[in-house]
Structures are given as C-alpha cells and as structure tokens.
There are 2 protein chains.
Amino acid sequence: MKEGPDIAQIGALIGDPARANMLTALMGGKALTATELAAVGGITVQTASTHLAKLEAGHLLAQRKQGRHRYFTLADESVGKLLESIMGFAAGRGQLRHRPGPKEPALRKARICYDHLAGDYGVRMLDSLVARGAIDAVGDGLALTQAGESTLKCIGIDVHDLKSSRRPLCRSCLDWSERRAHLAGSLGKALLANFFEKGWARRTAGSRSVIFSPEGERQFLSLFPVEA
Amino acid sequence: MKEGPDIAQIGALIGDPARANMLTALMGGKALTATELAAVGGITVQTASTHLAKLEAGHLLAQRKQGRHRYFTLADESVGKLLESIMGFAAGRGQLRHRPGPKEPALRKARICYDHLAGDYGVRMLDSLVARGAIDAVGDGLALTQAGESTLKCIGIDVHDLKSSRRPLCRSCLDWSERRAHLAGSLGKALLANFFEKGWARRTAGSRSVIFSPEGERQFLSLFPVEA
DNA sequence: GCGATGCTTCGGTTACGATCGAAGTATGGA
DNA sequence: TCCATACTTCGATCGTAACCGAAGCATCGC
C-alpha cells in the first residue's frame with residue numbers, strides 16, 4: 001500500500017494558492033522578505049509567516065536572517081526545477097491561471113526561471129547555441145563543446161570557473177510557455193548574469209519578467225541569430 | 001501577481017493522501033477499477049469516486065468503461081513523468097513515507113515506473129546499454145545508436161516498429177530510489193514488455209514491484225553486465 | 001423479469017487548516 | 001532608554017473538503 005516517497009506532502013505544500021504564489025514569486029531568483037511574500041500571496045504577514053514556516057519545514061525554502069529582515073529563497077536548484085516542471089505540465093493541459101493577463105506577453109518573451117533565462121528568448125538562445133555547434137544536444141541532454149568554450153570566452157564567460165562548482169554546467173529545462181527546452185545549469189545562470197552586467201537587460205520589480213533595453217535587445221538578437 | 005500556469009491546482013490534487021496513494025498505485029501501469037483504488041487509498045468507494053472524478057477533471061486520469069467496471073489509468077506519459085519527478089524530489093529530501101516497509105527492498109530492486117523498468121535493475125540496464133555503446137548519453141539526453149539497433153534486434157525488439165509512434169524512443173527518467181537515470185520512452189516500455197513475454201519477470205498483485213524468476217534474473221544479469 | 005455487483009450522487013457530519021486580530025519577541029535607530 | 005519596524009506566536013473563527021451512510025443508476029448473469 002504505502003509505497004515510495006511521500007508525494008502527498010509536497011503536493012499539499014504546493015497546493016495552497018497563497019503558497020503557490022509565493023513559490024512562483026521566488027522563481028524570480030531574488031530573495032524576498034516575509035512582508036513582500038505576504039503581498040504576492042495576498043495575505044497578511046501573520047498568515048504568511050505560518051505558510052513560510054511550513055514551506056521551510058518541508059525543505060522547499062531556505063531563509064537567511066539579515067538584521068531585522070528575513071530573506072527567503074528557494075531551498076536549492078532542484079526546487080526551481082520541480083516547480084518549472086509542474087508549470088510545464090499545467091501549461092500543457094491549458095490550465096493557465098485565468099485568462100492571459102496584461103503581463104503575460106512580457107513573461108512569455110523573457111523571464112527568469114530561478115536563476116537563468118526562460119521564455120521565447122531563452123529558447124532562442126539555446127537553439128542558436130546548438131545550431132552553431134557550441135552545445136551538443138542529444139535528446140534532452142546538453143553538453144558544451146570545445147568550440148562552445150571559446151564562443152563563451154568571447155561573450156565574456158570563463159567556463160573554467162564554472163566547472164569547479166558541483167552544479168552541472170548545462171542542463172535543459174522545459175519552458176512552460178514555449179514547451180521547448182531552454183538552458184539551465186551554472187552556464188545558464190552565468191549567461192543571464194552576464195546580460196545584466198552588460199546592461200542589456202534588467203529584472204522588473206514585482207515580476208519574473210526580464211526587460212531588455214533597445215540596445216541590449218539588438219545585441220542579444222545579433223549574438224543569438226535564428227537560422228532562416 | 002498571478003503569473004504563469006496554475007501549479008496550486010495540481011498541487012492540491014496530488015496533495016491529498018488518498019489521491020496520492022491512488023496515483024502512486026497507478027504508476028504501476030495497470031488499469032485499476034474504482035473499487036481497487038478505494039482499497040489502496042484506504043477509503044470507501046463513495047469517497048474514492050469523488051476523488052477520481054476530481055482527478056479526471058484535472059486531466060490526471062483517464063477512464064475507460066468496460067461492462068460494469070470502470071478502469072482508471074494515468075492520463076498519459078507526462079503524468080507518470082511528473083509523479084516520478086516529484087517522487088525523486090521527495091526522496092532526495094529523505095521524506096520517505098514512514099520508515100522503510102517490508103516491501104521497500106523489492107521495490108528498490110525492480111519496479112514499474114508507469115510502463116518501464118525502474119529501480120536498481122532499471123538503472124543497471126541503462127548503464128550497461130550505455131557502456132556497450134548501444135545508447136549515447138549526453139547529460140540527461142539519450143539516443144539509440146546504430147549498434148544499439150542491432151543489439152536490440154538480438155534481444156527481440158524491432159526498433160523500426162517503435163519509431164513510427166510519436167512518442168520519443170529514448171527518454172531518461174530520474175529514479176527516486178537510485179537517484180540516477182533509467183530508461184523510459186517507448187524503448188523502455190518495449191524492453192519491459194519483452195521481459196514479461198519471455199517469462200523472465202512478472203508484476204506483483206497490489207504493488208509496483210517486479211519479481212524476477214531465478215532463471216530470468218540470471219538471463220537479465222548476463223544480458224546487462226556491469227563493468228568491474 | 002430479478003437479484004447481484006460496480007459505481008455514482010445526495011445529504012449531513014466532522015475535522016483540518018487557512019485566516020486574521022492581538023499580543024509577544026527581536027533588531028535597529030534615535 | 002524608548003519607539004519603530006520586521007516578524008512570530010497565540011487564540012479564536014470560519015470555510016472547505018474529506019468522509020461515510022443511504023439511496024439511485026447502470027450492467028451483468030440467470
């Protein structure tokens with residue numbers, strides 16, 4: 001009867017709308033305070049506090065005290081991956097939350113998926129890297145090629161630094177809006193960080209969407225062309 | 001605020017213990033009746049009926065009427081994949097349901113994951129296929145090689161038949177007990193079916209575990225050796 | 001037709017958990 | 001020291017959904 005891991009527990013954790021909203025907000029990768037999370041959940045701070053305690057007990061969140069603030073983040077990358085995969089599943093059944101809201105288009109174009117770029121632009125970037133032979137793709141798997149290493153060096157990313165981390169360099173992540181893979185892993189993170197540093201793009205205040213500057217957009221599109 | 005797909009809904013569906021048990025049971029790949037599912041959920045048929053209706057409305061289950069029986073299965077492969085990925089996540093946090101039960105060892109050795117082989121033996125099989133060059137593995141991705149096609153022909157599987165289906169041939173699936181990949185996709189399904197046909201193994205009554213016959217086990221182990 | 005079986009629907013109870021007001025604890029600044 | 005801010009804990013309320021008994025359909029075998 002009772003076989004295997006307890007999926008009901010984490011299902012229940014994600015199953016509450018307020019908690020789901022908070023988790024979704026944390027997919028933006030930024031650490032948020034309890035008060036901020038209460039706002040996105042549409043509840044009071046007291047209620048949020050109990051929710052956050054539960055999520056932390058379930059090891060979905062981690063918190064870091066800083067002065068009188070308490071910053072919450074997703075516990076680790078695996079949580080982000082889990083959430084994105086559930087989103088992909090939900091999107092596949094056409095269970096979008098209500099009707100597409102005003103921010104939907106921006107979200108579909110470019111957004112943060114935990115710590116890397118997702119949406120149309122994220123998919124485009126991976127496609128382009130694969131097309132030029134910088135990344136090998138077999139099925140779902142991704143691997144950086146020799147040629148890819150030098151390509152990235154030109155962009156300004158030293159792959160050698162990334163390789164020291166225990167986290168995999170390339171990972172594919174199913175994009176819920178595009179229903180295709182985009183690039184995750186430490187390389188995906190480094191690329192997004194690189195775009196922010198260069199001023200090509202910036203995060204928005206209360207949302208996961210990523211806004212490109214006109215110049216940044218031009219650069220990005222020419223750096224990652226799509227074959228005709 | 002309300003961004004992206006509705007993960008709370010499917011979280012809630014999975015979050016109820018009775019429903020989670022039923023879904024887990026259906027991971028065995030066999031279609032089960034409402035009465036059987038009520039038993040695994042530990043509830044009466046009436047209650048099970050309402051649960052099943054909800055799961056069906058949420059597109060997690062499909063049902064097929066056959067005489068006065070109603071057979072329920074997972075809606076499609078994506079549901080199985082989602083559940084296994086949640087199990088993998090839960091297992092990773094050490095949130096096994098209680099303490100390992102008596103059936104746990106058998107389950108870890110060999111079990112059905114929706115329609116293919118998982119557990120120690122499932123992981124071993126994939127490792128062996130990769131080691132002999134029958135399958136290419138890059139990151140998470142898997143692809144059958146030319147050499148692999150003939151290997152499978154010897155085993156008694158005509159890959160050409162499988163290729164006609166829209167479902168991908170090779171897919172990697174994260175094994176919650178081994179925390180490594182095993183082989184899913186139509187090829188994974190065909191291999192397990194092949195073992196059943198040959199009488200090497202059989203499913204058990206109320207469980208996901210797969211029991212090998214002594215002879216079948218010998219054959220299996222020699223067919224999929226592990227390098228020293 | 002009739003009873004038996006498998007399942008669903010209805011009605012009413014119950015329990016759990018989400019919620020918030022109010023009070024309590026910690027940190028920072030003045 | 002004193003107050004303001006950030007957050008948690010307590011206590012109580014309330015709503016929802018899980019649950020089961022009983023009744024209602026549907027299908028099978030006879």
Side-chain angles (χ1 to χ4, degrees), chain A residues 1-2 6-26 30-73 97 206, chain B residues 1-2 6-26 30-73 95 97 205-206:
Chain A
M1 204 146 311
K2 304 206 180 264
D6 192 356
I7 60 173
Q9 195 189 340
I10 55 180
L13 283 174
I14 299 174
D16 179 81
R19 285 196 291 261
N21 282 337
M22 296 196 254
L23 289 169
T24 305
L26 288 171
K30 240 186 320 188
L32 297 175
T33 66
T35 311
E36 290 169 322
L37 287 168
V40 306
I43 48 181
T44 61
V45 267
Q46 309 94 292
T47 308
S49 181
T50 66
H51 281 309
L52 291 168
K54 283 177 191 172
L55 288 171
E56 202 189 355
H59 303 111
L60 292 184
L61 293 188
Q63 66 160 299
R64 182 161 38 91
K65 277 184 78 166
Q66 210 166 92
R68 51 182 158 176
H69 293 278
R70 226 156 253 236
Y71 285 97
F72 290 87
T73 56
R97 200 179 297 262
Chain B
M1 203 146 309
K2 304 203 180 267
D6 190 356
I7 61 173
Q9 195 189 340
I10 57 180
L13 283 175
I14 300 174
D16 179 81
R19 285 196 290 260
N21 282 336
M22 297 196 249
L23 289 169
T24 305
L26 287 171
K30 241 188 318 188
L32 298 175
T33 66
T35 311
E36 290 170 321
L37 288 168
V40 306
I43 48 180
T44 61
V45 268
Q46 311 91 289
T47 308
S49 181
T50 66
H51 280 309
L52 291 168
K54 283 177 189 171
L55 288 171
E56 203 189 352
H59 302 111
L60 293 185
L61 293 188
Q63 65 160 300
R64 180 161 39 91
K65 276 185 77 167
Q66 211 164 91
R68 50 182 159 180
H69 293 278
R70 224 157 252 239
Y71 285 97
F72 289 87
T73 57
Q95 295 174 351
R97 201 180 296 262

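Heavy atoms only: backbone and side chains are in, while hydrogens, waters and symmetry mates are out. Letters A, B, ... mirror the listed sequences (proteins, then strands); counts begin at 1.
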Participant: If you look at every heavy atom in T73(B) and L26(B), which pair is closest and at what distance?
Facilitator: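 That closest heavy-atom pairing would be CA-CD2, 4.2 Å.
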Participant: Walk along nucleotides 3-8 of chain D from 5' to 3' and tag each nucleotide B, S or - by protein heavy-atom contact under 4.0 Å, base first, then sugar-phosphate.
Facilitator: -BBSSB
Participant: From CD1 of I43(B) over to P of dT14(C), roughly how many Å is that when rounded to an integer?
Facilitator: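 Answer to the nearest Å: 20 Å.
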Participant: Can you tell me which nucleotide in dT27(D), dG21(C), dA18(D) comes closest to the side chain of K65(B)?
Facilitator: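 Shortest atom-to-atom distance from the side chain points to dT27(D).
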Participant: Please report the shortest heavy-atom distance between E56(A) and L61(A), naming the atom on each side.
Facilitator: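 Of all heavy-atom pairs spanning E56(A) and L61(A), the closest is CG-O, 3.6 Å.
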Participant: Quickly work out the K54(B) NZ to dT8(C) P distance and round it to whole Å.
Facilitator: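 Rounded to whole Å, this separation is 14 Å.
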Participant: Find the distance Q66(B):CD to dT5(C):C1' and express it as a whole number of Å.
Facilitator: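 So the two atoms are 16 Å apart, to the nearest Å.
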Participant: Taking all heavy atoms of A12(B) and all of R19(B), pick out the closest pair and write down the distance.
Facilitator: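 Of all heavy-atom pairs spanning A12(B) and R19(B), the closest is O-NH2, 3.1 Å.
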Participant: Please list, one pair per line, the donor and acceptor atoms closer than 3.5 Å that link side chains of residues 30-49 of chain A to other protein atoms, with sequence neighbours excluded.
Facilitator:
{"unit_1": "T33(A)", "atom_1": "OG1", "unit_2": "E36(A)", "atom_2": "N", "d": "3.2"}
{"unit_1": "T33(A)", "atom_1": "OG1", "unit_2": "E36(A)", "atom_2": "OE1", "d": "3.3"}
{"unit_1": "E36(A)", "atom_1": "OE1", "unit_2": "T33(A)", "atom_2": "N", "d": "2.8"}
{"unit_1": "T44(A)", "atom_1": "OG1", "unit_2": "Q46(A)", "atom_2": "OE1", "d": "3.1"}
{"unit_1": "T44(A)", "atom_1": "OG1", "unit_2": "T47(A)", "atom_2": "OG1", "d": "3.1"}

Participant: Considering only dA17(D), dA18(C), dT19(C), which nucleotide approaches the side chain of A18(A) most closely?
Facilitator: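 Output: dT19(C).
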Participant: Quick one: pull up CD in Q9(A) and CD1 in I14(A) and give me the separation to the nearest 0.5 Å.
Facilitator: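 Nearest 0.5 Å value for the CD-CD1 distance: 11.0 Å.
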Participant: H51(B) side chain N/O closer than 4.0 Å to the phosphate oxygens (OP1, OP2) of dA17(D)?
Facilitator: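 Answer is no, no contact under 4.0 Å.
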Participant: Please state whether the phosphate of dC20(D), meaning OP1 or OP2, lies under 4.0 angstrom from any side-chain nitrogen or oxygen of T47(B).
Facilitator: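 Result: yes.
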Participant: Quick check on dC20(D): is either OP1 or OP2 less than 4.0 Å from any side-chain nitrogen or oxygen of T44(B)?
Facilitator: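 Checking T44(B) against dC20(D): at least one side-chain N or O falls below 4.0 Å of OP1 or OP2.
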Participant: Roughly how many Å is it from CG in D16(B) to P in dT16(D), rounded to a whole number?
Facilitator: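 D16(B) atom CG is separated from dT16(D) atom P by 17 Å.
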Participant: Would you name the heavy atoms of L13(A) and K54(A) that are closest together and state the gap between them?
Facilitator: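 L13(A) and K54(A) have their closest heavy atoms at CD2-O, 3.9 Å.
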Participant: Please report the distance, rounded to the nearest Å, between CD1 in I14(A) and P in dG17(C).
Facilitator: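 Taking atom P of dG17(C) as the reference, CD1 of I14(A) is at 17 Å.
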Participant: Supply the atom-to-atom distance D6(A) CG to N21(B) CG, rounded to the nearest 0.5 angstrom.
Facilitator: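 It is 8.5 Å, given to the nearest 0.5 Å.
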Participant: To the nearest Å, give me how far apart CD (E56(A)) and P (dT9(D)) are.
Facilitator: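 My rounded result for the distance is 11 Å.
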Participant: Nearest whole angstrom, please: distance from the P of dT19(C) to the CG of N21(A).
Facilitator: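 Computing the N21(A):CG to dT19(C):P distance gives 10 Å.
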